[in-house]
Amino acid sequence: MGNLRVVKDGDSGFATTRFDALLGWARKYSLFQYPFVTACCGMEFMAVASPRYDVARFGAEAPRFSPRQADLLWVVGTISQRQAPVLRRIYEQMADPKWVIAFGTCAACGGFYDNYTTVAGIDKIIPVDVYIPGCPPRPEAVLDGLILLQEKITKGGLEPMSVPPKELPSLMQIRSRQDSLRLKENV
Amino acid sequence: MSQAVAQAIKSRLGHAATVIETFRGDDRVIVDASQWRRTAELLKTDPEFDMDHFLELTAVDYLEREPEVPRFDVVLIVRSNKSNQRVILKTRVRETEELDSLVSVWVGANWAEREIFDMFGIRFREHPDLRRILMYPEFEGYPLRKDYPIDKTQPLIEYRQVEGTSKLPPFGKEEGQPWTRIDWQARLAGEDLQVSPAISLQQGQRKALSESE
């Protein structure tokens, strides 16, 4: 049986065993994505999936364009009021366990749109697990969000999380300063 | 530019072409609504004009006009491939009036007229398929009219109810987009919580990040 640990996250009580830990490990490293791409964030999604910012190293490279076969719903781009029932239906057709990533500000909170057609954030329609803000988010931020989701799958729980804005690490700051100095010399 | 074209139209139509304006090299002719299709056919078929390239058909809502002047301006932009001349044709339409459809003249006017109907509510006589094109059929009202409130949504499905919070997690009380509609007047006056860090700093609602750590 192994160790039995009761983990309380807010109002959801979980009992985790070693087997559940194994399941969590298997699930988080083999996410089948459903890219629900509607707008410009799709370009960034393609960039994340391409070799430079590889998403395949995290095991999440296999897109499945059927909700029956996918477990991670990437909502990429603006969702209009006309699109909302479609998104709800796709989410309902997915089998448990399923997770939702809100990619970009339009999916997270409506973005810069405040009008009669845009749904101000898809969390008004479906529950969201990870929000990745940005317009569009940097691929590094997207990978941050994916790793956050993987951590969330490991520890269980239903709280949504968001990718916070990050500062450049100090080495990158030094290098970018050197680059700009070099460019000034060349000019 | 196309002054010659505009003058030629006016000389053909006589009293029906009321005004000619020029703005940055583009000439506009304002015609009566009753002469709309006749003018379009003239432009398309007459060898002097030969406007075979349909460019644009839209409408403009002038809400602040006097009540006796029609509210909408329907604007047609066509071009001739041979002579490379462009002309802008305008007409004035009232709210409940119908206008002749130009689908029999240029096929490209089909979806343009559907969009005008969807956004402004101007109906077109003898249009083959006049229905909404951008908004969904359950939508009520015509959104690009100036008296339609821009943030009035008509959701097709019910929004989720999340009890016990006015802000969705993971945002704390002091951050994030509010769950309900934003009160813009209060926010501009500085009474509501400003989401933008720069403005909230300015209004004194939060400390700068550099001060806290």
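Chain letters run A, B, ... following the sequence lines, proteins first and then strands; every chain starts at 1.
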Please assess A:Asp123 against B:Tyr159 for the test side chain to side chain contact (heavy atoms under 4.5 Å, CB included), listing each intermediate value before the final yes or no.
CA-CA 9 Å; A:Asp123 45 23; B:Tyr159 286 172; over 6 Å; no
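- Other residues, nucleotides and ligands place no more than 12 heavy atoms under 6.0 Å from the CZ atom of A:Arg89.
- For the residue pair A:Ile125 and B:Ile157, the shortest heavy atom distance occurs at CG2-CD1, 3.5 Å.
- Considering CD of B:Glu158 and NZ of A:Lys124, their distance stands at 14.0 Å, rounded to 0.5 Å.
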Checking A:Thr117 against B:Met135 for the side chain to side chain contact (heavy atoms under 4.5 Å, CB included) test, could you report, in this order, the C-alpha distance in whole Å, the side-chain angles of both residues, the deciding distance, and whether it holds?
CA-CA 8 Å; A:Thr117 39; B:Met135 302 309 298; 3.6 Å; yes
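- Residue B:Ile150 qualifies as open at atom CD1: its count of foreign heavy atoms under 6.0 Å is 12 or below.
- Contacts between A:Arg82 and chain B at a heavy-atom distance below 4.5 Å involve backbone atoms as well as side-chain atoms.
- Using a 4.5 Å heavy-atom threshold, the side chains of A:Tyr116 and B:Gln154 count as separate.
- The environment of A:Arg57 atom CZ is dense: over 12 non-hydrogen atoms of other residues, nucleotides or ligands sit within 6.0 angstrom.
- When the candidates A:Val119, A:Thr118, A:Ile126 are compared by the number of heavy-atom contacts under 4.5 Å with chain B, A:Ile126 comes out ahead.
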